[in-house]
**Q** 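I'd like to ask you about the structure that follows.
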Amino acid sequence: MSTLLTALATTGPLTAGWAAHTWWLRGRLHSARRDPLTGLWTRDGFTRRASKLLSDSRAVVVLADVDRFKQINDRHGHAAGDALLKATADRLAHYVGQAGVAGRLGGDEFAAVVIDDHGTAADLLAVLHGVLARPADGLDPAVHTTVSLGWVRAADHPGEDLSGLLRRADEAMYAAKQGRAGVRRAGLGRLFASVTGRRLGRRGARADAPEMGVAA
């Protein structure tokens, strides 16, 4: 019995130490997948969670890009630009809610996957577009811009993974930006796209790709 007690006394602190270390590592990993400016998931964290949501037939993939962001930075400074990005992220996260996921893919580009329970994604995204255009709280009202949104229903492209759906949403978003439409759904009409599925100007797009028109 004394031998067993001695063994437990020896291994107890070691086990506790490993448990604490594991908890610390998980915390660091969780933090690494959060964007330090906006608090949204980074690309890796977003991809993991968004991919799981695509098994739901009601899933909608959204891509958002801040319009004229470079001009905001140049005219009002990077602090104002950061505040604008933070406000955009907060509003997008509120729209997505607990059932979906939102992430910052980099720069002024954001993505989300939402579960469209009532088939009203188009109406809700139109409202979101207006919300995202409001000036950020505490900033000069002059520091504001619009956000172009592209979206696609996962059910319209069965078997397509997150990467493919993001490309479609990306093309729709670019068409919305070019046409100053605000919001555009992929899969309706024709879009500005490249043969490789990337819009012109994006890495991986072919320079000789034909222009495919703009969706109505």
Side-chain angles (χ1 to χ4, degrees), residues 23 25-67 69 82-134 136 146-174 176-177 182-187 197-199 202:
W23 177 84
L25 284 176
R26 287 177 177 174
R28 290 295 296 269
L29 184 60
H30 180 82
S31 297
R33 291 175 179 164
R34 288 286 189 177
D35 175 54
L37 174 63
T38 65
L40 295 183
W41 294 108
T42 59
R43 183 181 291 271
D44 181 57
F46 170 77
T47 299
R48 289 172 181 269
R49 288 156 180 78
S51 296
K52 294 178 181 179
L53 290 177
L54 294 184
S55 61
D56 192 318
S57 61
R58 301 166 297 169
V60 169
V61 177
V62 182
L63 197 74
D65 191 85
V66 180
D67 300 323
F69 182 68
D82 285 351
L84 185 62
L85 290 177
K86 183 66 168 61
T88 299
D90 290 345
R91 292 164 180 174
L92 182 62
H94 179 76
Y95 164 77
V96 169
Q98 296 296 319
V101 61
R104 183 186 180 194
L105 301 186
D108 58 344
E109 188 172 68
F110 300 86
V113 174
V114 295
I115 303 302
D116 185 18
D117 290 316
H118 306 293
T120 56
D123 294 333
L124 292 176
L125 285 168
V127 173
L128 176 64
H129 178 259
V131 171
L132 294 177
R134 296 174 185 170
T146 53
V147 176
S148 295
L149 301 171
W151 65 284
V152 58
R153 289 189 183 280
D156 291 343
H157 305 278
E160 193 152 347
D161 63 8
L162 178 64
S163 179
L165 293 170
L166 282 173
R167 281 197 296 271
R168 293 180 183 276
D170 178 67
E171 292 164 1
M173 183 274 296
Y174 183 64
K177 189 181 292 286
V183 185
R184 193 65 62 95
R185 177 181 177 182
R198 294 292 281 167
R199 58 183 167 85
R202 285 284 193 172

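All of these numbers come straight from a predicted model, not from anything done at the bench.
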**Q** How far apart are the closest heavy atoms of Leu40 and Ala93, and which atoms are they?
**A**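 Nearest pair, atom of Leu40 first, then Ala93: CD2-CB, 4.0 Å.
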**Q** Nearest 0.5 Å, what's the CG-CG distance between Leu84 and Asp108?
**A**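 Spacing of CG (Leu84) from CG (Asp108) equals 9.0 Å.
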**Q** Quick one: is the NZ or CZ of Arg34 closer than 6.0 Å to the six-membered ring centre of Trp41, and within 45° of its axis?
**A**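 Here Arg34 passes the 6.0 Å and 45° test against Trp41.
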**Q** Quick one: list whatever passes side-chain contact (heavy atoms from CB on, under 4.5 Å) with Val114, sequence neighbours left out.
**A**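 Listed in chain order: Val60, Tyr95, Val96.
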**Q** Sort and list the pairs that fulfil salt bridge (charged side-chain N to carboxylate O under 4.0 Å, His left out) and have at least one residue in residues 89-100, not counting sequence neighbours.
**A**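 The answer is Lys86-Asp90.
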**Q** Could you go through the side-chain contact (heavy atoms from CB on, under 4.5 Å) check for Leu132 and Leu149 one step at a time?
**A** CA-CA 10 Å; Leu132 294 177; Leu149 301 171; 4.2 Å; yes
**Q** So, are Glu171 and Arg184 salt-bridged, with charged N and O less than 4.0 Å apart?
**A**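 Salt bridge: no.
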**Q** Walk me through it: do Asp35 and Thr42 pass the test side chain to side chain donor-acceptor pair (under 3.5 Å)?
**A** CA-CA 5 Å; Asp35 175 54; Thr42 59; over 6 Å; no
**Q** What closest approach, in Å, do Val183 and Leu125 show between heavy atoms, and which atom pair accounts for it?
**A**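 Shortest heavy-atom contact: CG2-O, 3.8 Å.
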**Q** Rounded to the nearest 0.5 Å, how far apart are CG of Asp65 and CG of Asp170?
**A**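 Going from the CG atom of Asp65 to the CG atom of Asp170 covers 8.5 Å.
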**Q** Output, in order, the C-alpha distance, side-chain angles, deciding distance and verdict of side-chain contact (heavy atoms from CB on, under 4.5 Å) for Val101 and Phe46.
**A** CA-CA 7 Å; Val101 61; Phe46 170 77; 3.9 Å; yes
**Q** Any side-chain heavy atom of Val62 sitting closer than 4.5 Å to one from Leu128?
**A**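 No. Closest side-chain heavy atoms not under 4.5 Å.
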**Q** What are the two closest heavy atoms between Leu53 and Ala99, and how far apart are they?
**A**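 That would be CD2-O, 3.7 Å.
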**Q** Nearest 0.5 Å, what's the OG1-CZ distance between Thr88 and Arg104?
**A**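 Spacing of OG1 (Thr88) from CZ (Arg104) equals 10.0 Å.
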**Q** Would Thr146 and Asp67 count as a side chain to side chain donor-acceptor pair (under 3.5 Å) here? Give the steps.
**A** CA-CA 6 Å; Thr146 53; Asp67 300 323; 2.6 Å; yes
**Q** What heavy-atom pair brings Ala186 and Ala172 nearest, and what distance separates the two atoms?
**A**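 Minimum heavy-atom separation between Ala186 and Ala172: N-CB, 3.7 Å.
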**Q** Would you check if Glu109 and Leu63 make a side-chain contact, meaning some heavy-atom pair closer than 4.5 Å?
**A**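 Counting from C-beta outward, Glu109 and Leu63 do come under 4.5 Å.
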**Q** At their closest point, which heavy atom of Ala59 faces which heavy atom of Val113, and how far apart are they?
**A**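 Looks like CB-CG1, 4.2 Å.
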**Q** Would you list the pairs meeting side chain to side chain donor-acceptor pair (under 3.5 Å) in which at least one residue belongs to residues 115-127, sequence neighbours left out?
**A**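 Checked against side chain to side chain donor-acceptor pair (under 3.5 Å) - neighbours excluded - the pairs reaching residues 115-127 are Arg58-Asp117, Asp116-Arg153.
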**Q** Given side chain to side chain donor-acceptor pair (under 3.5 Å), test Thr47 with Arg43 step by step and report yes or no.
**A** CA-CA 6 Å; Thr47 299; Arg43 183 181 291 271; 5.9 Å; no
**Q** Please report the closest heavy-atom contact between Lys177 and Val66, naming both atoms and the distance.
**A**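 For Lys177 and Val66, the tightest heavy-atom pair comes out as NZ-O, 4.0 Å.
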**Q** Whether the side chain of Ser51 engages the backbone of Arg48 through a donor-acceptor N/O pair (distance < 3.5 Å, no angle test) should be reported.
**A**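 Pair absent, no side-chain N/O of Ser51 close to backbone of Arg48.
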**Q** Supply the atom-to-atom distance Glu160 CD to Leu166 CG, rounded to the nearest 0.5 angstrom.
**A**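 If I round to the nearest 0.5 Å, the distance is 10.0 Å.
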